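Values in this document were obtained by computation on a predicted structure and should not be read as measured data.
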Amino acid sequence: MTGGSHLDQGELLHVFGAQAELLASTVESADQVALESFVPGCPGLTMEETARHVGSSYRMVWHWLREGRRPNEWRRDPMGGQTLPEYVRAGSATLLAELAGHDAAEPCSTWWPANQTYGFWRRRMAHETIVHRADVQGAAHLQPDPMADDVVLDGIDEVLTLWFVYRLSVLGVVGTRRHLVSVRTGGQEWLAYAGPLGTSIDPVDSEPDAVVSGSPMSVYLWLWGRVPDRLIEIDGNQDAIAQLWALLRLATR
């Protein structure tokens, strides 16, 4: 399991800021009908609710960093007369300044024992924002903007190591059957194992039961449950794929 991003830390800050602005501008250009439209892949969640969640998340993380511990409760700070795009922009600007004001290697409180540094939050907020930016664009019936492959590959590594492995272990969720799925894209491969004893992406000397492949962006969004199977390529044991999909939905909900 990797403990952090292999991307340049300055690039992660740039991605976070640029994606937050793209999310806010998409919401800003939406009419009321679009704001009430549902996010593809997230039943019951609208564009408006997604944007409010993102703005609130930025504030929660800022409080976490300033207080040095997880907030006792989810902070849904009042919008204070701000429009929704203003709420997102203000939250992202405040958090971006906080993250940029500390070296990525500087210790801080996080929810992942493997990475207790500001670099964790740089990476986490970058990918949190990319996924939800794609959500609001999907709700607006727009084709999600592409991302550079190196950023997307980092996001695939994050969802598999942080969510599929660590988050499921915290939840106490395991697989019902032993299956190994190869996730291949952009010249890279992750071997996602799930079984009754837990999950891992450590290399194993065994042939995978199934393979998930496709363009980096398609695989990234599929792992987050945002696009259907038809947008990627699936080969092999369908039960292995179904188990991976189901475990990811539990991990990332």
Side-chain angles (χ1 to χ4, degrees), residues 1-23 53-75 77 88-134 147-172 183 186 188 190-192 198-203 216 220 223-224 248 251-253:
M1 181 190 303
T2 59
S5 175
H6 297 294
L7 287 177
D8 177 82
Q9 289 292 326
E11 182 178 5
L12 285 171
L13 287 179
H14 171 74
V15 168
F16 171 34
Q19 292 296 299
E21 173 55 34
L22 183 54
L23 189 156
H53 162 78
V54 171
S56 181
S57 295
Y58 294 158
R59 288 159 174 81
M60 184 275 290
V61 173
W62 183 85
H63 283 297
W64 191 325
L65 289 168
R66 300 292 286 184
E67 296 171 9
R69 58 181 175 83
R70 181 193 294 267
N72 291 330
E73 60 183 20
W74 185 262
R75 296 172 183 263
D77 292 9
V88 172
R89 288 183 174 117
S92 64
T94 299
L95 180 55
L96 185 60
E98 178 68 19
L99 293 174
H102 296 266
D103 188 85
E106 183 177 334
C108 71
S109 174
T110 79
W111 56 267
W112 193 18
N115 191 348
Q116 295 279 301
T117 70
Y118 276 85
F120 168 87
W121 289 116
R122 290 186 181 196
R123 186 191 205 193
R124 179 80 288 278
M125 289 297 98
H127 292 298
E128 177 83 357
T129 307
I130 293 170
V131 172
H132 288 310
R133 180 270 295 169
M147 294 293 302
D149 283 354
D150 62 339
V151 175
V152 177
L153 292 171
D154 182 70
I156 292 171
D157 184 76
E158 194 218 36
V159 72
L160 290 173
T161 56
L162 181 60
W163 298 91
F164 178 70
V165 177
Y166 176 69
R167 181 61 179 159
L168 286 177
S169 72
V170 171
L171 295 173
V183 178
Q188 296 193 29
W190 294 260
L191 292 169
T199 57
S200 72
I201 58 163
D202 299 322
Y220 177 60
L223 291 169
W224 276 102
L248 281 168
T252 59
R253 64 182 178 183

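- Exactly one residue among Asp154, Val151, Val152 makes a side-chain contact (heavy atoms from CB on, under 4.5 Å) with Pro216. That residue is Val152.
- Taken from NE2 in His14 to CD in Gln19, the straight-line distance is 8.5 Å, to the nearest 0.5 Å.
- Proximity of Trp163 to Leu223: side-chain heavy atoms (C-beta onward) are nowhere separated by under 4.5 Å.
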Could you please spell out the steps behind the side-chain hydrogen bond (donor to acceptor under 3.5 Å, both in side chains) verdict for Trp121 and Thr110?
CA-CA 8 Å; Trp121 289 116; Thr110 79; 5.4 Å; no
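- The distance from atom OG1 of Thr199 to atom CG of Leu248, rounded to the nearest 0.5 Å, is 9.5 Å.
- Between Arg124 and Leu162 the shortest side-chain heavy-atom distance falls below 4.5 Å.
- Between Phe16 and Tyr58, the two ring planes are perpendicular [angle over 60°; tilted spans 30° to 60°].
- Checking side-chain atoms of Thr252 against main-chain N and O of Trp224 turns up no donor-acceptor pair under 3.5 Å.
- Smallest separation of non-hydrogen atoms from Trp190 and Leu153: CZ2-O, 3.7 Å.
- Residues Gly68 and Ser109 approach most closely at O-CB, 3.4 Å, considering heavy atoms.
- The line from CD of Glu67 to CH2 of Trp62 is 8.0 Å long, rounded to the nearest 0.5 Å.
- Among residue pairs with one or both ends in residues 90-103, those qualifying as salt bridge (Lys or Arg N to Asp or Glu O under 4.0 Å) are Arg66-Glu98; sequence neighbours excluded.
- Put simply, the side chain of Pro113 reaches to within 4.5 Å of the side chain of Tyr166, judged on heavy atoms.
- The shortest non-hydrogen separation linking Ala20 to Val88 is O-CG1, 4.0 Å.
- Put simply, the side chain of Tyr118 does not reach to within 4.5 Å of the side chain of Gln9, judged on heavy atoms.
- Closest non-hydrogen pair, Thr129 versus Leu23, comes out as O-CD1, 4.3 Å.
- Remark: Leu99 CG to Arg123 CZ distance equals 14.5 Å, nearest 0.5 Å.
- Here the shortest heavy-atom pairing between Ala90 and Arg59 reads CB-NH2, 3.7 Å.
- Residues Leu7 and Leu12 come closest through the heavy atom pair CD1-CD2, 3.8 Å.
- For the pair Val170 and Trp112, the minimum side-chain heavy-atom distance is 4.5 Å or more.
- By the 4.5 Å heavy-atom criterion applied to side chains, Val131 and Tyr220 are counted as neighbours.
- Looking at Asp157 and Gln188, their side chains never come closer than 4.5 Å, going by heavy atoms from C-beta outward.
- The distance from atom OG1 of Thr94 to atom CG of Leu65, rounded to the nearest 0.5 Å, is 12.0 Å.
- Once rounded to the nearest 0.5 Å, the distance linking CE of Met60 with CG of Leu95 reads 10.0 Å.
- Side-chain atoms of Glu128 and Ser57, non-hydrogen and from C-beta on, do get closer than 4.5 Å to each other.
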